[in-house]
Amino acid sequence: MTAVAVDLDGALGDTRPLWRDFLAEAARRFASIAPLDVEALPANRGAAAEELDRWAAAGVGDWRAALERFAEDRAPVYLRPSAEASSALRALHAAGTTLGVFTDAPEELARVALAHLGAARRIQALEAGAGARERLLARLGGDAAVASTREDLAKIGAGAERR
């Protein structure tokens, strides 16, 4: 195995609660400029981001920068680094494995999460938004393993330690 595709939300840290709270804050904060029906947004965050781009065109401005600031301010409340995940990433990185991360979250949120979780320096590729998993697997090649959960990542990392 030369590459591993890691699901950010399943294996490293779930960014969905942070995303939901950002949406609630954005709807409240920008209500006088452009109403945002959070419940009407698609569950897939990549598709929701496309809707937010259209919403922002109504005068809200750069919602992605607002997301990044929100995530930077609140990441410590929502995301806890995992010793098990960090150990697996360290072992895979030391073994020369190419590490990529995928998430349907916007890239701004994903980058903040990776930095807060201590994973950013070990990751060579990040794909975010709609179709992120497929794009990452295409980049990494057909033999890439997929770590969808923390348990998957630990198992793959343990295999790298034995090599």
Side-chain angles (χ1 to χ4, degrees), residues 4-90 92-93 98-137 139-140 146-154:
V4 177
V6 180
D7 181 341
L8 172 61
D9 299 290
L12 298 176
D14 188 358
T15 63
R16 289 176 289 245
L18 182 56
W19 169 251
R20 285 190 298 271
D21 284 355
F22 166 74
L23 291 176
E25 171 67 14
R28 184 196 61 73
R29 181 175 170 201
F30 298 112
S32 64
I33 301 169
L36 175 64
D37 182 0
V38 173
E39 298 301 319
L41 290 172
N44 178 287
R45 293 180 291 175
E50 292 171 6
E51 292 290 323
L52 289 173
D53 288 336
R54 287 188 279 283
W55 168 72
V60 170
D62 189 359
W63 70 269
R64 291 176 184 271
L67 170 61
E68 186 171 13
R69 285 189 303 276
F70 186 89
E72 286 170 346
D73 289 346
R74 292 167 178 83
V77 174
Y78 292 86
L79 300 169
R80 298 279 188 267
S82 159
E84 184 179 43
S86 295
S87 175
L89 290 176
R90 198 170 31 257
L92 288 163
H93 189 258
T98 300
L99 294 168
V101 170
F102 65 91
T103 179
D104 70 334
E107 185 173 340
E108 296 80 2
L109 176 55
R111 289 201 181 282
V112 170
L114 287 173
H116 180 74
L117 294 168
R121 67 184 175 276
R122 293 187 182 6
I123 303 302
Q124 289 84 27
L126 170 64
E127 290 291 342
R133 182 176 196 244
E134 294 76 18
R135 287 192 315 274
L136 180 61
L137 289 173
R139 277 176 76 178
L140 296 179
V146 177
S148 297
T149 65
R150 191 163 288 156
E151 293 76 24
D152 292 345
L153 183 59

Do [X] and [Y] come close enough that some side-chain heavy atom pair is under 4.5 Å?
{"X": "Phe70", "Y": "Leu18", "result": "yes"}
{"X": "Val6", "Y": "Leu136", "result": "no"}
{"X": "Trp19", "Y": "Leu109", "result": "yes"}
{"X": "Asp7", "Y": "Leu12", "result": "no"}
{"X": "Arg133", "Y": "Glu127", "result": "no"}
{"X": "Leu67", "Y": "Leu52", "result": "no"}

Side chain to side chain contact (heavy atoms under 4.5 Å, CB included) between Val146 and Val4, worked out: CA-CA 6 Å; Val146 177; Val4 177; over 6 Å; no
Candidate list Asp14, Asp21, Thr15, test side-chain hydrogen bond (donor to acceptor under 3.5 Å, both in side chains), partner Tyr78, passing option: Asp21
N-O pairing of Arg150 and Glu84 below 4.0 Å: no
Residues Arg64, Asp53: salt bridge by 4.0 Å N-O rule: yes
Donor-acceptor pair, side chain of Asp152 and main chain of Thr149, under 3.5 angstrom: yes
Heavy-atom pair of closest approach, residues [X] and [Y]:
{"X": "Ala56", "Y": "Gly61", "answer": "CB-O, 3.1 Å"}
{"X": "Ala34", "Y": "Ala58", "answer": "CB-CB, 3.9 Å"}
{"X": "Ala75", "Y": "His116", "answer": "O-NE2, 3.7 Å"}
{"X": "Ala105", "Y": "Ala128", "answer": "O-CB, 3.2 Å"}
{"X": "Leu36", "Y": "Leu23", "answer": "CD2-O, 4.2 Å"}

Within 45° cone and under 6.0 Å: Arg20 NZ/CZ vs Phe22 ring: no
Stepwise salt bridge (charged side-chain N to carboxylate O under 4.0 Å, His left out) check, Arg54 with Glu51: CA-CA 5 Å; Arg54 287 188 279 283; Glu51 292 290 323; 2.7 Å; yes
Worked check of salt bridge (charged side-chain N to carboxylate O under 4.0 Å, His left out) between Asp9 and Arg45: CA-CA 12 Å; Asp9 299 290; Arg45 293 180 291 175; 2.7 Å; yes
Aromatic contact, Phe30 with Trp55 (centres under 6.0 Å): yes
